[in-house]
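For reference, the structure discussed in these notes is given below.
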Amino acid sequence: MITIKSPREIEIMRRGGKITAKTLAMLMAAAKPGVTTAELDKLADASIRSMGGVPTFIGYNGYPAAICASVNDEVVHGMPGPRVLHDGDLLSIDIGTTFEGYVSDSAVTVAIGTISEAAQRLMRVTQECLMLGIAQMQPGNRLGDIGHAIQEHAESHGYGVVRALVGHGVGRKMHEDPQVPNFGKAGSGPVLRKGLVLALEPMITEGTYEVATLDDGWTVVTEDGKLAAHFEHTIAITDHGPKILTLRDSAEHPDVARYRPAEEVAA
Ligand code: MF3
Ligand code: CO
């Protein structure tokens with residue numbers, strides 16, 4: 001069942017989303033060569049709690065940490081631990097905050113030190129996929145328009161779109177209906193309407209889109225060992241179109257309607 005949020009609920013989610021955004025921005029700055037993923041997790045936990053939130057992931061199906069930290073061929077759900085980040089690593093950081101009973105969920109992929117041009121391109125295109133998906137969150141559009149926009153952009157660059165994991169509705173629970181695939185057919189699926197809040201999270205791969213889960217029961221990796229990137233925002237549909245509730249700062253394309261991928265700006 002798809003739930004529609006009232007303006008009052010969306011306002012609470014925006015305040016919680018700020019905690020998520022500020023914490024993620026802090027972690028992006030802290031993610032440097034020599035730092036362990038467990039250290040980032042500790043920072044995240046303290047940051048979320050200092051602003052009155054609770055880390056959503058802890059205890060979720062027994063998950064032990066506040067963040068997911070997924071390195072290189074790890075797609076999502078990498079568990080924080082003693083792993084040291086090295087120059088050239090590609091790190092996805094995923095966090096969730098529960099605030100006044102509502103969840104916000106967001107992720108970024110960041111470069112550790114200097115990364116290859118291929119990794120930079122994968123990272124950039126994945127972020128563009130997220131923004132292009134968000135741009136489809138207009139009242140009257142359909143759910144399939146989101147996945148279609150994401151898939152088109154990723155595949156036009158020769159990348160894979162992970163099928164096994166999808167975005168989701170978000171609200172009182174982290175995972176609500178509907179599921180939001182990062183692939184699909186334009187004009188298909190339920191009509192999007194005001195008050196719908198979704199977590200869009202494209203997971204894009206350099207090679208095959210097939211994934212496997214490691215023996216720890218959590219870490220999802222690419223089957224061919226090639227790189228993956230992952231970006232996520234929590235977004236509400238308003239009368240005026242999509243509102244990103246986990247926006248980190250105004251430099252991060254606040255005006256979705258005018259957003260264009262970098263290569264189109266250059267052309
Ligand atoms: N952003 C992820 C998701 O939407 C976070 C879940 S990690 C978990 O599925 F550990 F909490 F499960
Ligand atoms: Co999510």
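Order of listing sets the numbers, starting from 1, for every ligand and every atom in it.
Between His157 and Tyr159, the ring planes lie parallel to each other; the angle is under 30°, not in the 30° to 60° tilted range.
A donor-acceptor pair under 3.5 Å is absent between the side-chain atoms of Arg49 and the main chain of Ser47, judged by distance alone. Judged purely by atom type and a 3.5 angstrom limit, Glu39 uses its side chain to pair as donor or acceptor with the backbone of Thr36. Side-chain atoms of Ser70 come within 3.5 Å of backbone atoms of Gly78 as a donor-acceptor pair (strictly under, hydrogens ignored). Lys173 contributes no side-chain N or O that, together with a main-chain N or O of Val170, makes up a donor-acceptor pair within less than 3.5 Å.
Under the ring pair (Phe, Tyr, Trp, His ring centres under 6.0 Å) criterion, His86 pairs with no residue, sequence neighbours left out.
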For ligand 1, what N or O to protein N or O distances fall under 3.5 Å?
residue: ligand 1; atom: 1 (N); partner: Asp94; partner atom: OD1; Å: 3.1
residue: ligand 1; atom: 1 (N); partner: Asp94; partner atom: OD2; Å: 2.7
residue: ligand 1; atom: 1 (N); partner: Asp105; partner atom: OD1; Å: 3.0
residue: ligand 1; atom: 1 (N); partner: Asp105; partner atom: OD2; Å: 3.1
residue: ligand 1; atom: 1 (N); partner: Glu232; partner atom: OE1; Å: 2.9
residue: ligand 1; atom: 4 (O); partner: Asp105; partner atom: OD2; Å: 3.0
residue: ligand 1; atom: 4 (O); partner: His168; partner atom: NE2; Å: 2.8
residue: ligand 1; atom: 4 (O); partner: His175; partner atom: NE2; Å: 3.1
residue: ligand 1; atom: 4 (O); partner: Glu201; partner atom: OE2; Å: 2.8
residue: ligand 1; atom: 9 (O); partner: His175; partner atom: NE2; Å: 2.8

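Remark: the Thr98 side chain and the Thr56 side chain contain an N/O donor-acceptor pair separated by less than 3.5 Å. There is no side-chain donor-acceptor pair under 3.5 Å between Thr234 and Ser104.
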For residues 182-190, dump all side-chain donor-acceptor pairs below 3.5 Å to protein atoms at least two apart in sequence or in another chain.
residue: Asn182; atom: ND2; partner: Glu201; partner atom: O; Å: 3.2
residue: Ser188; atom: OG; partner: Lys185; partner atom: O; Å: 2.7

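With a cut-off of 2.8 Å, the protein N/O/S atoms near the Co ion (ligand 2) add up to 4.
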